[in-house]
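First the structure, in the form of structure tokens, and then the observations on it.
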Amino acid sequence: MKQLFLLLLALGAPALALAQDMRQDTYCNPLNIDYTYMIYNSDKDISYRSGADPAVVRFRGEYYMFVTRSNGYWHSKDLLDWDFIAPKDWYPQGSNAPAAHNYKDSVLYVTGDPSGSMSILYSDNPKSGEWKATPAILHNLQDPDLFIDDDGKAYMFWGSSNVYPIRGMELDKNHRFLPKGEVKELFNLDMPRHGWERFGENHSDTVLGGYIEGPWLTKHNGKYYMQYGAPGTEFNVYADGVYVADHPMGPYTYQKHNPVSYKPGGYMNGAGHCSTVQGPGGEYWHFASMALSINVNWERRLCMFPAGFDKDGIMYVDTRFGDYPRYAPAVPGKKGQFRGWMLLSYRKPVTASTAKGEFGPDALTDERTKSFWLAEANDERQWVLIDLEKPARVCAVQVNYHDYRSNLYGRIPGLRHRYVIEGSSDGETWNILVDRRSSYKDTPNDYVELEVPTTPQKKEKEPETQHKQGPDSLKKTEPQHHEANRENAHVNNAQKAENKKEETETPVVDMRKKVMRKSYKVTGYRVQAFAGGNSRNDRLKAEQTGNQLKVHFPEQPVYVHFYSPRWICRMGNFRSLAEAQKMLGKVRSLGYRQACLVKGQITVQY
């Protein structure tokens with residue numbers, strides 16, 4: 001039976017959730033932005049990147065997203081592609097649970113000082129990164145939400161506590177946003193009646209009280225929808241509820257259908273502490289925080305779900321298939337709809353070049369965000385092979401990276417993720433699906449939609465040269481640098497001259513393809529002694545390596561191949577791992593310190 005293999009060759013520690021990308025009509029949570037490395041726990045040397053508590057607003061037809069302690073903010077024209085803006089005047093530690101409000105497309109207001117005492121910043125050109133501060137300070141605010149109604153009246157709401165409720169007060173917009181009137185308590189948690197507000201993973205802690213936080217007010221058809229997060233950002237059940245009122249200051253009534261944004265299962269959990277914004281065409285989109293919580297509880301990612309209001313005025317957020325591709329906000333007639341593509345890699349067999357400690361490759365396909373594969377080295381020799389076990393149509397690929405003792409803090413200039421993914425229907429002939437070898441983008445949750453959905457096909461073999469032998473089921477393909485032009489498979493005159501020079505230094509071994517009679521294919525191991533690029537020099541090195549191996553191990557078959565885009569040299573057909581490891585030690589003792597084992601189809605005799 002034919003099978004489909006996916007080969008990922010990466011620089012880092014990714015988790016894979018199953019081309020070269022062009023225009024994308026879909027997106028996939030968690031959102032793929034260049035999250036900032038937090039400094040919040042840097043005094044303990046805990047390095048992690050995070051994004052949480054998104055405040056997303058539309059301003060003059062474009063979008064701005066403000067995220068907790070990110071040392072800046074993001075800009076987008078379509079809610080799909082985001083670019084980071086490093087502001088000139090900003091909170092030195094980054095804003096905390098920020099508030100943002102667009103006042104009639106004339107001024108964009110933002111606030112969120114981590115200290116709880118803050119001025120309201122404003123800008124009429126946020127794309128420039130230039131901001132000014134209102135000459136006044138508001139005190140005792142955590143998780144603020146600034147709202148200016150159509151009549152010009154301004155309000156501030158806030159709350160982040162397991163004791164105190166969501167509160168609000170009116171501000172005087174024409175007098176430096178100073179408080180106007182009394183502080184009013186709006187509502188608090190009601191855990192006996194609202195079970196989803198109970199604390200803990202799966203709401204399992206009935207002793208400790210939950211947290212209520214992150215108010216965000218949305219006005220729709222004359223009604224005011226106050227959204228809030230509960231019961232705790234680190235839990236799989238972190239969600240958003242909503243109360244409804246006829247006035248910004250209430251009284252507020254609990255909406256019967258709650259929580260509105262809830263995602264306790266799937267690859268990455270949680271959908272709380274939100275902002276809701278109208279996207280291209282006027283449809284609503286709900287942005288929220290998801291819990292990663294590996295390095296620390298506050299390690300998070302961002303998500304985006306389609307939202308709206310039904311004919312009865314009930315607010316809803318569609319989190320179904322929340323980890324799967326959906327149509328992007330700018331796709332007419334299909335915005336936010338589930339694309340219909342299902343996960344191909346779940347619990348499929350995985351093989352990797354190396355693994356460190358308990359971080360084995362099986363974690364790549366277990367659909368758990370808190371597990372991950374960690375290679376022994378962060379270099380171009382690392383690969384992972386997923387056997388999808390049957391032919392499949394590949395429409396998109398997502399690669400999620402995890403930070404393991406990264407020792408990075410703040411914004412990192414020049415940070416980039418590079419990898420290549422190839423597909424094969426037989427484990428021998430490979431087609432490139434995604435090529436990120438030359439990427440200069442920081443893509444910790446990279447999502448790539450194939451321009452044309454692909455079912456990798458077995459190709460007819462090309463005429464083989466004297467340098468090719470039996471096919472391998474694995475190949476390693478991840479150089480940081482590679483030459484643009486591939487060399488012809490046949491030796492030209494210049495190469496003949498160089499080969500002649502090599503012949504004076506290395507014994508010549510006949511490496512022409514030989515057919516092993518009465519043989520068959522099984523799964524086993526080969527020792528890979530060399531993997532280079534696609535240049536003439538790499539070809540010569542592969543041949544020279546093969547010659548040297550043949551001299552030292554004349555009883556072992558040696559395979560020198562060009563597997564796009566590189567030349568490789570492998571040796572042996574070992575059915576047991578112990579046998580292969582023994583030979584690997586011998587090869588490394590010859591000076592091939594980068595030699596490794598590859599698992600795949602080998603040739604054995606009856």
Side-chain angles (χ1 to χ4, degrees), residues 353-354 379-381 383 428 463-477 479 487-519 521-522 524-605:
S353 53
T354 62
D379 58 31
E380 64 183 27
R381 301 181 62 82
W383 53 262
E428 298 181 5
E464 296 182 288
T465 72
Q466 63 177 1
H467 305 286
K468 292 186 178 180
Q469 298 213 5
D472 292 335
S473 63
L474 295 179
K475 57 191 177 64
K476 196 176 80 59
T477 319
E487 300 298 326
N488 191 284
H490 298 283
V491 182
N492 57 29
N493 291 333
Q495 188 169 347
K496 287 180 180 179
E498 294 187 47
N499 280 345
K500 186 173 182 180
K501 179 180 178 181
E502 294 290 340
E503 290 172 0
T504 63
E505 301 172 357
T506 306
V508 178
V509 178
D510 183 4
M511 297 180 61
R512 289 174 293 181
K513 179 177 176 67
K514 300 178 179 64
V515 177
M516 185 181 293
R517 300 186 182 279
K518 295 183 179 182
S519 63
K521 298 285 188 180
V522 298
Y525 302 88
R526 285 178 178 160
V527 176
Q528 180 168 286
F530 175 82
N534 59 8
S535 68
R536 180 184 298 113
N537 190 46
D538 289 312
R539 178 179 183 170
L540 293 175
K541 289 180 179 179
E543 292 173 351
Q544 183 178 7
T545 300
N547 284 331
Q548 291 173 346
L549 291 178
K550 199 66 178 175
V551 169
H552 287 88
F553 309 103
E555 75 286 358
Q556 296 292 342
V558 175
Y559 304 90
V560 176
H561 288 261
F562 178 74
Y563 272 142
S564 176
R566 64 176 59 217
W567 283 94
I568 64 170
C569 175
R570 293 176 182 157
M571 182 184 71
N573 290 298
F574 305 106
R575 302 191 67 168
S576 73
L577 179 59
E579 184 183 18
Q581 288 176 331
K582 183 177 180 180
M583 180 57 70
L584 176 62
K586 294 179 180 179
V587 172
R588 286 180 173 176
S589 68
L590 296 177
Y592 298 101
R593 304 306 303 168
Q594 298 300 315
C596 63
L597 295 181
V598 293
K599 184 178 181 180
Q601 294 293 297
I602 63 173
T603 305
V604 297
Q605 289 182 307

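What you see below is based on every heavy atom in this structure, not just the backbone, and it leaves out hydrogens, waters and symmetry mates. In what follows, residues are counted from 1 in the order of the sequence shown.
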Output, in order, the C-alpha distance, side-chain angles, deciding distance and verdict of side chain to side chain contact (heavy atoms under 4.5 Å, CB included) for Cys596 and Arg381.
-> CA-CA 9 Å; Cys596 63; Arg381 301 181 62 82; 3.7 Å; yes
Test side-chain hydrogen bond (donor to acceptor under 3.5 Å, both in side chains) on Glu579 and Tyr525 and set out the steps.
-> CA-CA 9 Å; Glu579 184 183 18; Tyr525 302 88; over 6 Å; no
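How far CZ of Arg588 is from CG of Leu584: 4.0 Å, rounded to the nearest 0.5 Å. Atoms CG and NE2, from Leu590 and His552 in turn, are 5.0 Å apart once rounded to the nearest 0.5 Å. To the nearest 0.5 Å, atoms OH (Tyr559) and CG (Leu549) are separated by 13.0 Å. Between Lys599 atom NZ and Phe574 atom CZ the span is 15.5 Å, to the nearest 0.5 Å. Distance CD1/Ile568 to OG1/Thr545: 11.5 Å, rounded to 0.5 Å. With rounding to the nearest 0.5 Å, the separation of CD in Gln548 from CE in Met571 is 12.5 Å.
The minimum heavy-atom distance between Ala595 and Ala529, with the atom names listed, is CB-CA, 4.2 Å. Between Val558 and Gly546 the shortest heavy-atom distance is CG1-CA, 3.7 Å. The two residues Phe562 and Trp567 come nearest to each other via the heavy atoms CD1-NE1, 3.4 Å. Across Ala580 and Val527, no two heavy atoms sit closer than the pair O-CG2, 4.1 Å.
Counting heavy atoms from C-beta outward, Glu555 and Lys550 have side chains that stay 4.5 Å or more apart. Proximity of Lys541 to Asn537: side-chain heavy atoms (C-beta onward) are separated by under 4.5 Å at one or more points. Between Gln528 and Leu597, the closest side-chain pair of non-hydrogen atoms is not below 4.5 Å. A 4.5 Å side-chain heavy-atom check between His561 and Arg570 finds every atom pair outside the cut-off. Residues Val522 and Gln601 are not in side-chain contact: their nearest non-hydrogen atoms beyond the backbone lie 4.5 Å or more apart.
A salt bridge links Arg539 with Glu543: the distance from a Lys NZ or Arg NE/NH1/NH2 to an Asp or Glu carboxylate oxygen falls below 4.0 Å.
Asn573 places no side-chain N or O within 3.5 Å of a backbone atom of Ile602 that could act as its donor or acceptor partner.
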